[in-house]
Each structure stands twice: as C-alpha cells, then as structure tokens.
Amino acid sequence: MARSRHDVRDEHDHERKHGRRTGGADRGRRRARACLDRCLPLIASAERATEALRPVWAAVARGDGGAWGTALAKVRAELDGDAAADGGAGADGAGALVRAMLAGAPADWAEGPLRAWAGECSGAALAVHEGFDAAAGVGPLRAGELRRQQAVLESAAHGPTGLRRARELSAEGGRVLRAVVARRARTA
C-alpha cells in the first residue's frame, strides 16, 4: 500500500529540518539501505542477510561509490540464488516487495536515482509492515516502521557517526518483523 500524503509530507519536513548536515545522496543511501536491511530477512536468514549486506554498509560508511556498485551486485547475485532455491516465495508475497527493493537499487552513486530509490524503499517497507499488521490502517507495525525511518533520517543527518545508530535501528526492526512472521507461521 502506498504511503499517505501525510507520511510523505512529514518525511520531507523532517528532511528539511534535520537532513541538511549531510548530502541528499548520503541520506538516500542510508535510508534505503536501512529499509532494505529491516525487510531482507523475509527472503534470507537473518545471519545471511546481515553478512550479505555488510559490504554495502561499509561502502556507504566510506562514501565509496565504486564499492557500492560492486557490493550491490554481489548481494543481488547471492540472493538471486536464494530466490531460485525457495521459488521466490518470501513471506506472504512480501518477499516480492523486498526483492523489488533490491532489484531497484541504482548501481550509480548519484543523488537523484538514490533519492528516488530511497522513497520507493520507504514505501515498500511501510507496505510490508502494513501487510503484517493485524490492525486496519496505520497499525502498530506500520507506525513503528515509520518511527524507525524517521529515526534513521535523524541519524543520517549526523554523518558517519550516525551510521551505527541507523544499523542498530535496522537490526531492531528486522527482529520485530522476523518475530511477527514467525508468530504468524505458528498460528497458521
């Protein structure tokens, strides 16, 4: 489900207030990378997802565009193998959204494409969480994801020192989503 105008307006207001300390490309990479990090365990084990994305986080931390493209290609190749093994199923179709996030990541280290990808990842992550929410509309999972996205933006505004906090928020969000998926599987 798409983000509401209210969500997008709040996000842009937040970027204007807190995002001027780093470039838009940095914020975009960190924001999108964190959304992907939180949702990736739907298509790969938590350990595999963490290990696969470690070089991508390192490229973001160093601001290394060449390493970004190389690391991204490696993650795609690894996880495409996982998709073939599991038939591309993922959890209740959410896996398709996560795979689309990864596939849509621009290999170029340019602000425009990265900002667009970050917006798409944000919307997809909100949709994934909303799909697992028991409540209709803005339930607790979706609301929690929106709070984490805002906190990642705040962290990204602090440059490389905020990267650790962004990773912690992503790990927390991944644990929450995995717990919801596991609970749903047990009760199905």
Side-chain angles (χ1 to χ4, degrees), residues 1-12 14 27-53 56-57 60 72 75-76 78-80 82-106 114-156 166-188:
M1 178 174 223
R3 296 179 296 167
S4 71
R5 278 189 243 160
H6 178 71
D7 293 339
V8 173
R9 187 183 68 237
D10 286 350
E11 183 177 303
H12 291 296
H14 185 80
R27 285 191 316 275
R29 280 186 291 276
R30 289 178 181 157
R31 184 173 116 211
R33 170 65 191 84
C35 287
L36 183 60
D37 197 27
R38 287 189 296 281
C39 296
L40 200 59
L42 292 175
I43 62 171
S45 72
E47 296 79 24
R48 184 163 169 76
T50 298
E51 284 305 310
L53 290 174
V56 178
W57 273 116
V60 170
L72 200 54
V75 169
R76 285 178 176 149
E78 284 182 33
L79 296 180
D80 280 347
D82 288 353
D86 74 3
D92 293 335
L97 284 172
V98 178
R99 289 183 202 290
M101 279 187 195
L102 183 58
L114 286 166
R115 183 176 290 274
W117 178 58
E120 292 167 11
C121 285
S122 174
L126 290 170
V128 165
H129 284 76
E130 188 172 318
F132 286 108
D133 243 328
V138 182
L141 286 177
R142 185 178 188 283
E145 173 61 13
L146 185 57
R147 281 191 304 273
R148 275 186 290 279
Q149 288 185 20
Q150 290 169 337
V152 166
L153 282 172
E154 288 174 8
S155 297
R167 289 185 69 185
E168 290 168 356
L169 289 163
S170 292
E172 171 197 333
R175 285 190 296 271
V176 168
L177 193 56
R178 283 190 306 277
V180 168
V181 170
R183 184 172 36 246
R184 183 174 276 191
R186 284 192 306 269
T187 60

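Computed from heavy atoms alone, side chains included, the values below leave out hydrogens, waters and symmetry copies.
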Can you give me the closest heavy-atom contact between [X] and [Y], atom names plus distance?
X	Y	answer
Q149	A125	NE2-CB, 3.8 Å
R38	V152	NH1-CG2, 4.0 Å
L42	A94	CD1-CB, 3.8 Å
R76	P106	NH2-N, 4.4 Å
A52	E78	CB-OE1, 3.7 Å
L36	V98	CD1-O, 4.1 Å

If you round to the nearest 0.5 Å, how far is [atom2] of [Y] from [atom1] of [X]?
X	Y	atom1	atom2	result
D37	R167	CG	CZ	7.5 Å
C35	E120	SG	CD	11.5 Å
S122	E145	OG	CD	7.5 Å
Q150	R147	CD	CZ	9.0 Å
R48	L53	CZ	CG	11.0 Å

- request: Test side-chain contact (heavy atoms from CB on, under 4.5 Å) on S155 and L169 and set out the steps.
  value: CA-CA 10 Å; S155 297; L169 289 163; 4.1 Å; yes

task: Ignoring hydrogens and angles, tell me if any N or O in the side chain of D133 forms a donor-acceptor pair with the backbone of R142 under 3.5 Å.
output: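 Checking the backbone N and O of R142 against the side chain of D133, a donor-acceptor pair under 3.5 Å is found.
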
W117 side-chain N/O to M101 backbone N/O, donor-acceptor pair under 3.5 Å: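 Indeed, once roles are kept as given, a pair shorter than 3.5 Å links the two residues.
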
task: Sequence neighbours left out, what passes side-chain hydrogen bond (donor to acceptor under 3.5 Å, both in side chains) with E51? Give chain and number order.
output: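 Partners of E51 under the side-chain hydrogen bond (donor to acceptor under 3.5 Å, both in side chains) test: R54.
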
task: For the residue pair R175 and P41, establish whether any side-chain heavy-atom pair is separated by less than 4.5 Å.
output: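 Not touching, per the 4.5 Å side-chain cut-off.
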
